[in-house]
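Chain letters run A, B, ... following the sequence lines, proteins first, then strands; residues in each count from 1.
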Amino acid sequence: MNSLKIQSALSKKVIGFLFIFIAIIFSSCIPDPLEVNGIPVVKPQIVVSTQIVQDESLIVLLTKTFGALQGSDDSDPEELFDQIAVDDAVVIIEGPGGTDSLFMIRPGVYGGIQIAFQPDETYHLYVKSETLGEVTASTTVKPEIQFEDIKAELYYNGYDDTLAQVTYAIQDPPGRNWYMFNVQEVEQEDFIENILNPRAFTRLLDDAPFDGENYQETFRVFPRDYKAGDTIAVSISNVSKEYYDFIKLRQDNRFSFVQYLSEPVNYPTNVVGGKGFFNLYIPDIRPFVLE
Amino acid sequence: MLKGAIIFFCVITAYAAIGQTVKLAGRVSTVANEPLTSAQIAVYPDSITTLSDNNGGFAIKVKPGNLTLYASFVGYEDRTISLHISKDTTLLVQLNEKLNELNAVTVEDTRDLQSEVFQSNQTSTNVLTKEDITGIPVLGGEADVIKTLQLLPGTVKGVEGSSDLFVRGGAADQNLVLLDGAPIYNTSHLFGFLSVFNPDVLDKVEAINGGFPARYGGRLSSILNVNTINDIPDRTYISGDIGLIASRLFLEQPIIKQKASIWVAGRRTYIDQVVKAVSTDELPYFFYDINAKVILQPNDNNYIELSHYSGEDILDWFRDRNNDGNGFLTTYASGNDSQSLRWQRNLKNNWNCNLSLLRSRYKYHIRNSFDENQLLASSDIEDYSVRLLAQKDSLFKNGTIRTGFEWTRHGISPNVINTAGLIADLLESSSSTGRTANEFAAHAEYEWSVTDRLRLMTGFRASAGIVANRNYFYPEPRVSARYVINSDQALKVSYSRMVQYIHRISNSAVTSPTDIWYPVTDSIKPQTAHQVALAWQRSLHGKRIFFSVETYYKLMNQLIGYEEGTNLFFNTDFESKLIQGKGKSYGLEVLLRKEAGKFTGWISYTLSWSWRNFNEINGGAWFPSRYDRRHNGAVVAQYAFNKRLSVSMVWEFISGARFTPIVGQYVIFAPTLTGVDLIPVYSGINQVKLADTHRLDVGLKFRSKPGKRFQWHWFAGVYNAYNRANPIGINIEQASDGSLQYEQPGLFGLLPFISYGFKF
C-alpha cells in the first residue's frame, strides 16, 4: 500500500516536473517584437474645439494634429500643448447678430466675450493660419436644457461597491434632441492629474421615445467608487446630432483592446479642412456633495 | 468565297475524322484479378488518357488503326500493349506487382489523388490525404487539416497559428466546410488555434478554390470537403496518439464481414487534468471531439453511412477566495455537432444516386457572474438539409450527366445578451431577432468529350434564398474545359458564379468563436462572385510528380463590411452597422508536388492581390483587404531514410498582412470640459503592411519495425525553429528611455513538440 502511495506521489512529481519544464520552454521562447517601418506621417491639420461658458463667452482651442508617438495619457500636458498650439491664427465667428473676431488668450486658446448665441440659429467659424491654412465650420445652437429636478446620492450595492446615483427630471422640448450627461469628480488634484483623457462618466440619451414629454430616470455612475464627502458635478447638454454620434463612437471604442476587435475609425468632424468639433451647447452644471 | 469554302471543307473533314471512332474498353486488374482503381490508361498516338473506375474498368473512343496502350498503377509494373483496332474492342490488362519498390516508399496510400485531379476537368483543386496531414510538423505537434491546407497555393492564413482560411482574396466566412457532407460552422478549437478535424478519421480532404462543379454552392471562395474513413475493415483496429496538446483514440470494428462496420474516435485536451493532479490551482479549460460512423454495404449496389461529429470547447471556472459562496464564475462553451446519413445506390443503365440527410448545429454560451452582476451571452445556428445527386456514369458513353437538388433550412438565434447588476449599466440586455432562412438549389451539369483532346463540362445551378419578406433567386452558370496537350500535359479553363446566402458577422481582423452567422435579409443582399481560372498542368504518372501553374481573376459583389468604428463585441445591433461593397482579387499559383519515393512533399507559391471597395469607408476608394498578402510560399518535405526513420520540414514565407495603425492624434475638449481628450488618427484602411512572416518547422519520426501487429511511432520536433516573431498587429509601447515606439508583437515563438502514436 505504501509503495503504491510512493509510486503515485512520484508519478505526480514526474508529471509536475514535466509540466513545469514544458511551461518554461514555452514561455522562454516568446520572440522579441519586430521593429516597424513605413508608418505614414500624419499631415498637420488645424484642430478646432470649442466651449461656451455661462457668461456668453466662447473659448476656441486651436491646435494641430500630431504624431502617434508624440504624446500619450502620461505626457506632460503643458509640454504637449506647447508643441501643438496654433498661435498664428485669425479666428472669426459669424452669426445672425454680426461678426466677432476672437482674441488670443494664450497660444492655442482664443476667446470672445459677450456673444449672445441664439437658439436654433446657425453660426460660422473661420480660422486662418499662416502656417496651416484655413478651416471653416458651422453649427446650429441647440436650445438649452436644464434639470427640472435632480439629486445625487451614494448608492451601496450590498457588496463592496459604493456608487454615485443620480435621479433627475427634464422637460424635453418638442423636436429631436440629443442629450449628453457628464459626471465629474470636482477635486483640484483631479483636474491637474487628469487633463489628458480625464476619467469621467458620460451618458448619452436620445429623446425619440419621449419627445416633448417630461422625462425622469435614475442612473448609476459606473464603475467609480465614491465615499461620503466627495464632490461631483453633474451636467446635461443638448448637443447636435453630429456631436452625439461622435461621442457614441468614442464610447464604443473606449477600451484599448478594441483596436483588435473593432473596425478602425477616423472620427467624424464638422470642421471643413481640419479636424475637431465646433460646438455651441450650453451645459447645465449642478454640483453635489455626496452623502 | 474560296476562303470560306476551304474553311468549310476543313471543318467537315475534321468532323468526319472525329466521327470515325470505335470504343476501346477494358479492365485493369492485378494478376490475381483484383480490380485496380484509378489506374492510368494512355493511348497513343492520340494521347488519350483516362483512369480506371472502382471496378478497374475503362472505356474510351479511339480512331481505328495501330495503337499503343500504356497502363500504370503505383506499386505495379507499367504495361505497354500494341494493338490494331478496327472495331469496338475489350481488353483485360493485368499488372504485376513491383515487389521491392514499395519498401522504400513511405506513402502508404496507393491512390494517386493528384493524378485524379490532373485527369479531371477540375481547376483550382487541392487534395490531401491523412498521410500528408500527419506527416508534417505543425503547432504543438497536433496534425491539422486547415494548417496543412494553408501551405497549398491559393490559401492564405490569418493571424499566425489560427485556423482561418482566406481563399483567393475571399473572406474567412466564404468557405463551405463540409464534414461528410454536413456543414461545420466553427472549424476551430483553442480559441482558433487548432482545427476541429481529428486526423485519425480522415480519408481524403479536397479543397476546391475555383471552377466549382454545379453541385457545389453556398459560399463564394471555396468548398472544403473533409471525408472520413469509409472502408469496411477486415478486423478490429485500435490506434491512438498522445501529444502535448491533446490525445486521441480510434477504434474500428467490423460488424458483418465485408458488409458492415463501425468506428469511433475521440480526442481531448488533458492539460486541465494535469494541472489538477500536480497543484492546487486549476486550469479549467478543455476541448474534445467525438467522431463516429456506421457503414453498411449490403451488396455492390447499395452503400449507406451514418456519420456523427460533436465537439466542444469548455471553460468552467469558479473562484471563491472567501469561501462564502460569492465567488466569481466564468463559463464558456461553444461547439458543433453534426450528423449525416448518406445512401448511395447504383441503378440500371449506369445511373447512381446519392441521397443525404444532414443536420448541423453550432452554438456558444457565455456566463459571467460575480455577486449580483451577471452577463449571459448566447448564439445558435441549426441547419437541416436534404441533398439528392444523380449521376449517369460516363464510362461506356461519351458523356456524364450529374443532376440534383438540395434544400437547407437555417434556424438562427443570432445574439442574446442578458445582463444584471452593475454590468447592466455598462452593457444593456438586448437580443437580435431570431431568423429562419431557407436555401434551395437545383443543378445539372453535363461533361463530354468534344474531341479526343477536348473535354467540356457545362453546368447550371439555380439557387434561391427565402427569408422573411424577401426571396432571392440567382442563376449560377458553371463551365470548364480540359485540353490534352499530350499524355502528361493539359490546359484547363473554368468559369463559375457563386452566391452566398449566409454570412459570418466577424471583425475584419480576427475571427472568434463568438462570431455569429446571419442570413440575408430584406436589406442585406446575398454576396456573389464571378471567377475565371486558367491552368496548365503536367503529371508525370510513374514518378507521381505533379506540376501546376494557374492564374485566376475573381470579382465579388455585395461583400459584407462594417461601418468605421463598428464594435461587434457583444453587439446585438450589428445589422445596422453592416455595409455592402465590392471586391476583386487576382493572382498566379504554382504547385510542384512529388508523392512517391523516399523524398516527398511539395513547393507552393502564390502571387496574389486582393482589393475591397465600400462607399462608406476609406472615402469610397479601393483598399487592400486585410489578408492581401502578395507572396505566399511554402516548402514541405519529408525524407524517409529507411522504413523506420524519416525527417520532415516545413518552411513558409508569407508577405505581411495589412493593418490600419494609429498614425497620429489630436486633442479636443473632453465632454466634461475639465480636460482634453486624445483622439486617434488612423492610417488609410489597411494601408500599412506588417512585417513578412517566415517560419521553419522540423520534425523527426521514428517508427516500430514494420510487419509487427503492434505498430508505434514517436514524432518530435520544433515549431518556429528559429524563433521568429510573426506579427499580428502594430502596438505603441513605451521604450526603456520613456519614449514611445511602434512594435509588432508575435504570438508563437519556438515551440517543441513530441507525440507517441500506436496502432494494432
Between [options], the one whose heavy-atom pairs under 4.5 Å with chain B are most numerous:
options: A/Thr63, A/Val47, A/Asn37; value: A/Val47
options: A/Ser75, A/Ser72, A/Gly38; value: A/Ser72
options: A/Asn279, A/Asp74, A/Leu69, A/Leu80; value: A/Leu69
options: A/Gly67, A/Ala233, A/Pro268; value: A/Gly67

TODO: Might you point out which heavy atoms bring A/Gln70 and B/Gln665 nearest each other, and give the distance in Å?
DONE: N-NE2, 4.4 Å
Task: Contact summary for B/Ile732 and A/Ala68, nearest pair of heavy atoms - done: CD1-CB, 3.7 Å
- [ ] Before giving the answer on side-chain contact (heavy atoms from CB on, under 4.5 Å), spell out for A/Val265 and B/Glu563 the whole-Å C-alpha distance, their side-chain angles and the decisive distance to 0.1 Å.
- [x] CA-CA 8 Å; A/Val265 56; B/Glu563 288 178 359; over 6 Å; no
Below 4.5 Å from any heavy atom of chain B, which atoms of [X] appear? Answer side chain, backbone, both or neither.
X: A/Asn266; result: both
X: A/Ile84; result: side chain
X: A/Thr65; result: both
X: A/Phe181; result: neither
X: A/Val48; result: backbone
X: A/Ile247; result: side chain

Is any side-chain heavy atom of [X] closer than 4.5 Å to a side-chain heavy atom of [Y]?
X: B/Tyr666; Y: A/Lys64; answer: no
X: B/Ile679; Y: A/Phe246; answer: yes
X: B/Pro671; Y: A/Tyr243; answer: yes
X: A/Pro198; Y: B/Asp677; answer: yes
X: B/Val688; Y: A/Ile39; answer: yes
X: A/Val42; Y: B/Tyr682; answer: no
X: B/Gln741; Y: A/Val36; answer: no

- [ ] Heavy-atom pairs under 4.5 Å with chain A are the metric here; pick the option from B/Val663, B/Leu690, B/Asn720 that has the most.
- [x] B/Val663
Checking heavy atoms, do the side chain of [X], its backbone, both or neither come under 4.5 Å from chain A?
X: B/Ile617; answer: neither
X: B/Glu733; answer: neither
X: B/Gln687; answer: side chain
X: B/Leu678; answer: both

To the nearest 0.5 Å, tell me how far [X] [atom1] sits from [Y] [atom2].
X: B/Ile668; Y: A/Tyr267; atom1: CD1; atom2: OH; value: 10.0 Å
X: A/Asp32; Y: B/Arg724; atom1: CG; atom2: CZ; value: 12.0 Å
X: B/Phe669; Y: A/Gln51; atom1: CZ; atom2: CD; value: 4.5 Å
X: B/Tyr742; Y: A/Glu35; atom1: OH; atom2: CD; value: 14.0 Å

Open item on the list: B/Val667 vs A/Phe66, test: side-chain contact (heavy atoms from CB on, under 4.5 Å). Steps then yes/no.
Closed with: CA-CA 9 Å; B/Val667 298; A/Phe66 56 100; 4.2 Å; yes
- [ ] Could you tell me whether B/Lys689 atom NZ has more than 12 heavy atoms of other residues or ligands within 6.0 Å of it?
- [x] yes
